[in-house]
Amino acid sequence: QVQLVESGGGLVQAGGSLRLSCAASGRTFMGWFRQAPGKEREFVAAISGSGGSTYYADSVKGRFTISRDNAKNTVYLQMSSLKPEDTAVYYCAAKATDYYSHYVSFRGYDYWGQGTQVTVSS
């Protein structure tokens, strides 16, 4: 079983930056999702097991960067130019295998972290 632990959330002002980390037990296809109060869980970014392929939601493209360091079993989400609408609980997710199908949907992932709160103030 893949174990996921997110960290790095916090309170930042609009325009600021924050880096989230996800400690995983092994290499696999992984993604970041977020969920704001009263809204559905939303895809943010994903990365293949090797790190060779990355995917982004249009809302964060150019502002967020997903990366991984497989030697440390860690996936990162570097967030810059943060906006109040980025406020949400951010979740790290992993597939059981390195397979991209349904990567945009939370239903396409097998394992989830506990979530970390990101709050962006105006």
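Cation-pi geometry between Lys61 and Tyr56 is not met: the NZ or CZ atom fails to fall both under 6.0 Å from the ring centre and inside 45° of the normal.
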Please tabulate, one pair per line, all N/O donor-acceptor pairs under 3.5 Å involving side-chain atoms of residues 10-21, not counting sequence neighbours.
none

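Of all non-hydrogen atoms in Arg68 and Ser50, the two that sit nearest each other are CD-C, 4.3 Å. Tyr111 approaches Ala96 most closely through the heavy-atom pair CE1-CA, 4.0 Å.
Here the side chain of Thr87 pairs a donor or acceptor atom with the backbone of Val120 at under 3.5 angstrom. Remark: the backbone N or O of Asn70 is not paired with any side-chain donor or acceptor of Arg27 at under 3.5 angstrom. A donor-acceptor distance shorter than 3.5 angstrom exists from the side chain of Lys95 to the backbone of Gly108, with no hydrogens or angles considered. Counting only distance, with no hydrogens or angles, the side chain of Asp69 and the backbone of Thr74 share no donor-acceptor pair below 3.5 Å. Using modelled atom types, no side-chain atom of Arg41 and backbone atom of Ala36 make a donor-acceptor pair closer than 3.5 Å.
Residue Gln114 holds its CD atom at 8.5 Å from OG of Ser7, rounded to the nearest 0.5 Å. In this structure, the separation between CZ on Phe29 and CG on Asp110 is 12.0 Å, given to the nearest 0.5 Å. Between the CD1 atom of Ile47 and the CG atom of Asp98 there is a distance of 10.0 Å, given to the nearest 0.5 Å.
Here disulfide bond (SG atoms under 2.5 Å apart) pairs that include residues 81-122, with residues two or more places apart or in two chains, are Cys22-Cys92. Among residue pairs with one or both ends in residues 66-102, none qualify as ring pair (Phe, Tyr, Trp, His ring centres under 6.0 Å); sequence neighbours excluded. Applying the disulfide bond (SG atoms under 2.5 Å apart) rule to pairs touching residues 51-81 yields nothing, sequence neighbours excluded.
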TODO: Please report the C-alpha distance between Ser59 and Glu42 in whole Å, then the side-chain angles of each, then the deciding distance to 0.1 Å, and finally whether the side chain to side chain contact (heavy atoms under 4.5 Å, CB included) criterion is met.
DONE: CA-CA 10 Å; Ser59 60; Glu42 174 189 29; 3.9 Å; yes
Task: Working for side chain to side chain contact (heavy atoms under 4.5 Å, CB included), residues Asp86 and Arg34 - done: CA-CA 9 Å; Asp86 294 319; Arg34 65 187 183 186; 2.9 Å; yes
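Among residues two or more places apart in sequence or in another chain, the ring-ring contact (aromatic ring centres under 6.0 Å, His included) test is passed with Phe43 by Phe33, Tyr103. Under the salt bridge (Lys or Arg N to Asp or Glu O under 4.0 Å) criterion, Lys72 pairs with no residue, sequence neighbours left out.
Here the side chains of Leu77 and Phe64 are in contact, with some heavy-atom distance below 4.5 Å. Taking 4.5 Å as the limit, every side-chain heavy atom of Glu6 sits out of range of all side-chain heavy atoms of Trp112.
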